[in-house]
Amino acid sequence: MELIPGLPDDIARECLIRVPYGGFSTVASTCKGWKSEIERPQFRSQRKSAGHSQTVVVMAQAVPDPSRETGFSKLSHGPVYRLTAFEPLSGCWSELPPPPEFSGGFPMFCRLAAAGSDLVLVGGLDPVSWEASGSVYVYSFMTGTWRRGADMPGVRRSFFGCASDGDRAVLVAGGHDGEKNALRSALAYHVERDRWVPLPDMERERDECKAIFRRGKFHVVGGYSTAMQGKFEKSSEEFDPATWRWGPVREDLLAASTCPMTCVDGDGDDDLYMCRDGHVLALRGRTWRAVAKVPADVSNPAHVTKWRGKLLVIGSPRSGGAQKVYALDSSSCNWISIESPEKFSGHVQAGSCLEI
C-alpha cells in the first residue's frame with residue numbers, strides 16, 4: 001500500500017521527514033503505514049541527513065514560586081517539578097504531559113537521558129515521601145506517549161551519574177544508597193529491549209558524579225567517596241562498551257575539587273567544557289583554559305548542555321533567583337541572551353538534549 005495515495009513512496013517519505021516533531025503523534029495516529037514509517041530507525045537518520053531534524057532541550061524544571069520575589073521562598077512548600085521543552089532554533093518553550101503517576105509533580109533529582117527519539121526518566125526522590133525510586137519512564141516523541149520501563153535493579157540509588165549513547169542505551173553509575181553510602185556499581189538499560197544489565201564496578205566510589213558519553217565511551221567524572229562526604233574528587237573513569245572494561249583512573253582530570261555537574265562533552269579538540277568561578281573552561285589534553293566569562297545573569301549556573309556548536313547555560317545571578325538562559329557560540333565565544341517566559345523561569349534540576 002502506498003504511503004500517500006497517488007505518490008511514489010520516495011516522495012511520500014520526503015513529505016514525512018519535513019513534519020515538525022510536534023506533529024508526529026498525529027502522523028502516528030493517522031494510519032498504520034505512517035506510524036511504521038516514522039518508527040523506522042532509518043527515518044531519524046534520513047531526517048537528520050536532509051537537515052530537517054530539530055534540537056529539543058528537555059528539562060526537569062520547577063514551577064515558579066510566587067513567593068520567590070517577596071523573600072518568603074524559604075517558608076513555602078517544596079518545589080513542584082515538571083518537564084519543559086525548549087527548541088533553541090525557534091525559541092519556543094512548551095511543557096511535556098506527565099504520566100498519570102506524576103500528575104502532582106515529577107520526582108526530585110531524577111535523571112534524564114536521550115535515546116534516539118525517546119526521552120528516558122530514571123529514578124529520583126518521591127516529592128511526598130522523599131524515598132528514592134528506581135522507576136523508569138520512557139516518553140516517545142514519535143507517539144507523544146509515556147510507557148513504564150523496567151525498574152532499575154539493585155539498591156535504591158540517588159544522585160547517580162546518568163548518560164546515554166544517544167541511540168539505544170542509558171548508563172548509570174555511582175550515587176549513594178539509602179544509608180548515604182557512596183556506590184561503585186554501574187548499570188546499563190537497553191531502551192528497546194526494556195532490559196537492565198550490570199556493568200563491572202568502577203575502581204572508586206562516586207557520589208554526586210557527572211556522567212558523559214563521548215567518542216563511544218562512558219565517562220564518570222568527579223564525585224566523592226563515603227569517607228570524604230562532600231569533598232569532591234578531581235579524577236574520572238571511563239567505560240568502553242566494546243571491551244566491557246573500565247580503563248585506569250585518570251587523576252586530576254578536573255582543575256579543582258568541585259562539583260562536576262556543569263561538565264559537558266566538548267567540541268573538536270576540546271574534550272570537556274564546564275562552568276567554574278565565573279568562567280566557561282575548556283579542557284584540551286590535560287590543560288584547562290578559560291574561553292569566556294559567564295554573564296552575570298547566569299553566574300550561578302543550574303544546567304549546562306551543548307547543541308550544534310553552542311553551549312546553553314541556564315542559571316541565575318543568585319541562589320533561588322529566576323532562571324535566565326544564554327547561549328555561547330564555541331567558535332566565536334560570543335554570548336546570546338535567550339528570552340524565557342516567566343512560567344519557564346523556575347529552577348532547572350536536570351536536562352537532556354535530543355535531536356529529533
Side-chain angles (χ1 to χ4, degrees), residues 1-58 83 85-94 96-97 112-121 137-147 149 163-171 188-195 212-218 241-242 264-268 305-310 312 327 330-331 351-356:
M1 179 180 288
E2 296 173 325
L3 287 172
I4 299 178
L7 287 179
D9 281 353
D10 286 349
I11 302 299
R13 290 190 178 97
E14 287 294 322
C15 295
L16 290 175
I17 64 174
R18 286 168 167 77
V19 175
Y21 80 87
F24 284 159
S25 59
T26 301
V27 169
S29 63
T30 300
C31 66
K32 291 182 178 178
W34 286 11
K35 183 175 185 293
S36 297
E37 180 63 29
I38 67 172
E39 289 180 342
R40 291 189 314 127
Q42 296 89 339
F43 178 81
R44 181 167 168 262
S45 60
Q46 290 169 353
R47 181 176 162 89
K48 185 174 181 179
S49 62
H52 300 301
S53 61
Q54 294 168 275
T55 300
V56 184
V57 180
V58 180
L83 293 189
F86 170 60
E87 300 171 41
L89 290 180
S90 67
C92 292
W93 292 80
S94 59
L96 295 187
L112 303 174
S117 56
D118 289 336
L119 175 76
V120 183
L121 184 150
Y137 289 82
V138 182
Y139 181 78
S140 169
F141 276 90
M142 292 301 178
T143 61
T145 58
W146 287 94
R147 69 179 186 272
S164 166
D165 64 359
D167 186 20
R168 300 177 181 178
V170 174
L171 297 91
Y189 174 64
H190 194 289
V191 179
E192 187 177 342
R193 298 175 187 169
D194 190 28
R195 184 165 63 93
I212 299 167
F213 206 90
R214 175 171 171 77
R215 295 176 179 170
K217 295 182 179 180
F218 177 58
V264 295
D265 185 14
D267 269 323
T305 192
K306 193 192 71 174
W307 62 281
R308 297 188 183 183
K310 292 182 173 61
L312 197 71
S330 58
S331 58
S352 183
C353 187
L354 298 88
E355 192 82 13
I356 303 174

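Basis for what follows: all heavy atoms, side chains included, without hydrogens, waters or symmetry-related copies.
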Handout entry: Exercise: identify the closest heavy-atom pair between Leu354 and Asp118
Key = CD2-O, 3.6 Å

Exercise for the section: Report yes if the distance between the aromatic ring centroids of Tyr137 and Tyr139 is under 6.0 Å, otherwise no. Expected result: no

Problem - Test item: Arg195 side-chain N/O and His190 main-chain N/O as donor-acceptor pair under 3.5 Å - result: no

Handout entry: side chain to side chain contact (heavy atoms under 4.5 Å, CB included) between Asp194 and Arg147, intermediate numbers included
Key = CA-CA 11 Å; Asp194 190 28; Arg147 69 179 186 272; over 6 Å; no

Problem - Value rounded to 0.5 Å, distance of OG in Ser117 from CD in Glu39 - result: 8.5 Å

Completion exercise
Rounding to 0.5 Å, atoms NE2 (His52) and CG (Leu16) come to a distance of 11.5 Å

Problem - Heavy-atom donor-acceptor pair, Arg18 side chain to Glu14 backbone, under 3.5 Å - result: yes

Problem - CA sep, side-chain torsions, deciding dist, call: Leu119, Leu96, side chain to side chain contact (heavy atoms under 4.5 Å, CB included) - result: CA-CA 11 Å; Leu119 175 76; Leu96 295 187; 4.1 Å; yes

Fill in the blank from the handout: With sequence neighbours left out, the residues meeting ring pair (Phe, Tyr, Trp, His ring centres under 6.0 Å) with Phe43 are Phe24

Practice task
For residues Tyr21 and Ile38, determine if any side-chain heavy atom of one lies less than 4.5 Å from a side-chain heavy atom of the other.
Solution key: no

Exercise for the section: Answer yes or no: is there a donor N or O on one side and an acceptor on the other, between the side chain of Ser140 and the main chain of Thr145, under 3.5 Å? Expected result: no

Fill in the blank from the handout: Closest heavy-atom pair, Gly309 versus Ser330, reported as atoms and distance to 0.1 Å, is O-OG, 2.7 Å

Exercise for the section: With rounding to the nearest 0.5 Å, note down the distance linking CD in Glu192 to CG in Asp167. Expected result: 9.0 Å

Handout entry: Lys306 atom NZ: more than 12 heavy-atom contacts under 6.0 Å
Key = yes

Exercise for the section: Answer yes or no: is there a side-chain heavy-atom contact under 4.5 Å between Arg13 and Gln42? Expected result: no

Handout entry: Distance-minimising heavy-atom pair for Ser25 and Gly144
Key = CB-N, 4.1 Å

Exercise for the section: Could you check Leu312, Thr55, Thr305 and say which one makes a side chain to side chain contact (heavy atoms under 4.5 Å, CB included) with Phe86? Expected result: Leu312

Problem - Side-chain donor or acceptor of Arg44 paired with backbone N/O of Ser53 under 3.5 Å - result: no

Problem - CD1 on Ile4 to CD1 on Ile11, rounded to 0.5 Å - result: 9.5 Å

Practice task
Could you tell me which non-hydrogen atom of Pro88 sits nearest to which non-hydrogen atom of Trp307, and how far apart they are?
Solution key: CB-CZ2, 3.3 Å

Handout entry: Minimum-distance pair of heavy atoms, taken over all atoms of Gln54 and Val19
Key = OE1-O, 4.4 Å

Practice task
Report the distance from atom CD of Gln46 to atom CZ of Arg40, rounding to the nearest 0.5 Å.
Solution key: 5.0 Å

Practice task
Locate the shortest heavy-atom distance separating Met142 from Ala28; write the atom from each residue and the value.
Solution key: O-CB, 3.8 Å

Problem - Donor-acceptor pair, side chain of Trp146 and main chain of Pro97, under 3.5 angstrom - result: yes

Problem - Nearest-0.5 Å distance that lies between atom SG in Cys15 and atom CG in Asp9 - result: 11.0 Å

